[in-house]
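Counting starts at 1 for both ligands and their atoms, following the listed order.
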Amino acid sequence: MMSETEFAGDGAAGIETRFSSGVYKKREITIVRGAGARVWDSEGKEYVDCNAGHGVAVVGHCNEAVVRAVSEQAARLMTCSETFCNDVRAELLSHLASVMPGDLDRFFLCNSGTEAVEAALKFARLATGRTGFIATMRGFHGRSMGSLSATWEPKYRRPFEPLVPGFSHVPFGSTAALEEAVGPDTAAVILEPVQGEGGVHAAEPEYLRRVSEICGENGALFVVDEVQTGFGRTGRMFAIEHSGAVPDIMCMAKGLGGGIPVGAVALGSRVGPIPTSVHGSTFGGNPVACAAALATLGFIRDADLPGRAAKLGEYFVARLKSIRSPLIRDVRGIGLMVGVELKQRSGPAIQALMDRGVLALAAGATVVRFLPPLVVDAGDLDFVANALEEVLATVYA
Ligand SMILES: *Cc1c(COP(=O)(O)O)cnc(C)c1O
């Protein structure tokens with residue numbers, strides 16, 4: 001037996017340091033409670049949460065509608081595999097179909113972003129009988145072997161090579177490179193309409209429309225990864241809607257479950273029926289997860305979170321652009337998916353923001369990324385911008 005004194009630190013931090021795998025670089029605070037756009041640590045300190053669990057908390061922490069739906073469903077039926085039908089799952093599927101762009105109206109339910117991407121890759125292979133995939137430089141699609149093969153960042157890929165064969169990467173935004181790369185072996189092109197991990201880079205609408213056409217002309221499918229951009233984050237329900245391009249497959253996760261793990265893949269008419277038993281998930285379509293997602297979608301609609309993200313995002317980006325600091329290289333944003341690119345590494349700024357009561361994320365080495373809950377208000381965003389202004393004026397001095 002291990003005694004308390006052998007832990008590397010106090011409380012949860014010490015225990016996590018001792019007993020977790022080591023794959024996460026942990027920050028020093030222990031978060032114990034959340035409400036709306038705020039979280040609190042074990043010392044009672046309050047934060048405006050622009051990390052939001054990597055953008056998961058779209059409807060806010062402990063959203064009342066989601067809490068109620070989860071509690072009620074947990075007391076009624078907590079598990080039911082997709083071998084059987086389920087009332088709440090059926091309701092979720094039809095609600096999802098009603099919010100999808102284009103002809104996306106059939107779904108595979110899973111539990112995370114990477115699982116959604118894995119399923120999309122398998123379905124694209126099945127539907128086309130081809131094995132080639134084209135992804136984009138700086139793209140991020142997850143960390144299991146298939147999705148990692150689509151992910152660009154060498155530091156994530158290298159330790160695990162050889163990966164799945166058939167993947168190539170082209171510059172994000174270049175139609176010429178894509179035309180060159182797509183061929184008779186291409187099952188699909190996969191990309192994020194706004195690259196998240198890669199540094200908050202939004203694709204030009206014209207580019208996305210051309211990607212869709214190039215796929216169509218070559219018998220390949222267009223897969224959009226909306227795991228981070230979906231459910232109002234960018235000011236539309238889905239980021240692809242800014243372009244009017246219609247994908248054949250869409251991957252979703254993060255915000256969908258209101259904080260409960262849920263992922264989904266949507267299929268359009270160019271993807272035929274998926275044969276029985278070729279894919280599956282034990283937890284996929286779980287009734288508690290479905291109840292959470294249904295309540296989340298209802299809240300997003302009733303509170304017009306996409307409209308709110310569009311308006312507040314514009315306000316926030318304008319405020320950030322007004323910061324006069326020689327350290328800022330660029331401010332980029334679409335809705336409430338916002339990146340501030342520095343001329344220095346972003347790590348010290350993110351740490352100093354935390355000390356001032358703001359949680360943010362990195363995106364690559366030099367970008368500070370803000371993914372606040374879409375229920376955040378203008379006052380919170382002022383607080384965040386003021387904190388960043390202070391941090392840039394002092395921390396790198
Ligand atoms: C987070 C993310 C993923 C992976 O999701 P997990 O739930 O962590 O597996 C995939 N694609 C994009 C665009 C993401 O932002």
Legend entry - Neighbouring residues of ligand 1, heavy-atom cut-off under 4.0 Å: S112, G113, T114, F140, H141, G142, E192, D225, V227, Q228, K254
Inset, instruction - Determine the sole option in R356, R319, K321, R324 for which the salt bridge (charged side-chain N to carboxylate O under 4.0 Å, His left out) test with E389 is passed. - result: R319
Legend entry - Trace of the side chain to side chain donor-acceptor pair (under 3.5 Å) decision for S269 with D103: CA-CA 6 Å; S269 59; D103 58 5; 2.4 Å; yes
Just list the side-chain donor-acceptor pairs under 3.5 Å for residues 343-354, sequence neighbours left out, or say none.
from: K343; atom 1: NZ; to: P326; atom 2: O; distance (Å): 3.0
from: S346; atom 1: OG; to: A365; atom 2: O; distance (Å): 3.2
from: S346; atom 1: OG; to: V367; atom 2: O; distance (Å): 3.2

Inset, instruction - Go through the structure and list residues passing side chain to side chain donor-acceptor pair (under 3.5 Å) with D87, not counting sequence neighbours. - result: R76
Name the atoms and distances for all side-chain donor-acceptor pairs under 3.5 Å in residues 134-144, with sequence neighbours left out.
from: T136; atom 1: OG1; to: Q195; atom 2: NE2; distance (Å): 3.1
from: R138; atom 1: NE; to: Q195; atom 2: OE1; distance (Å): 3.1
from: R138; atom 1: NH2; to: Q195; atom 2: OE1; distance (Å): 3.4
from: H141; atom 1: ND1; to: D225; atom 2: OD2; distance (Å): 2.8
from: S144; atom 1: OG; to: T114; atom 2: OG1; distance (Å): 2.6
from: S144; atom 1: OG; to: E118; atom 2: OE2; distance (Å): 2.7
from: S144; atom 1: OG; to: S147; atom 2: OG; distance (Å): 3.3

Inset, instruction - May I ask you to check whether F108 and H279 place their ring centres under 6.0 Å from each other? - result: yes
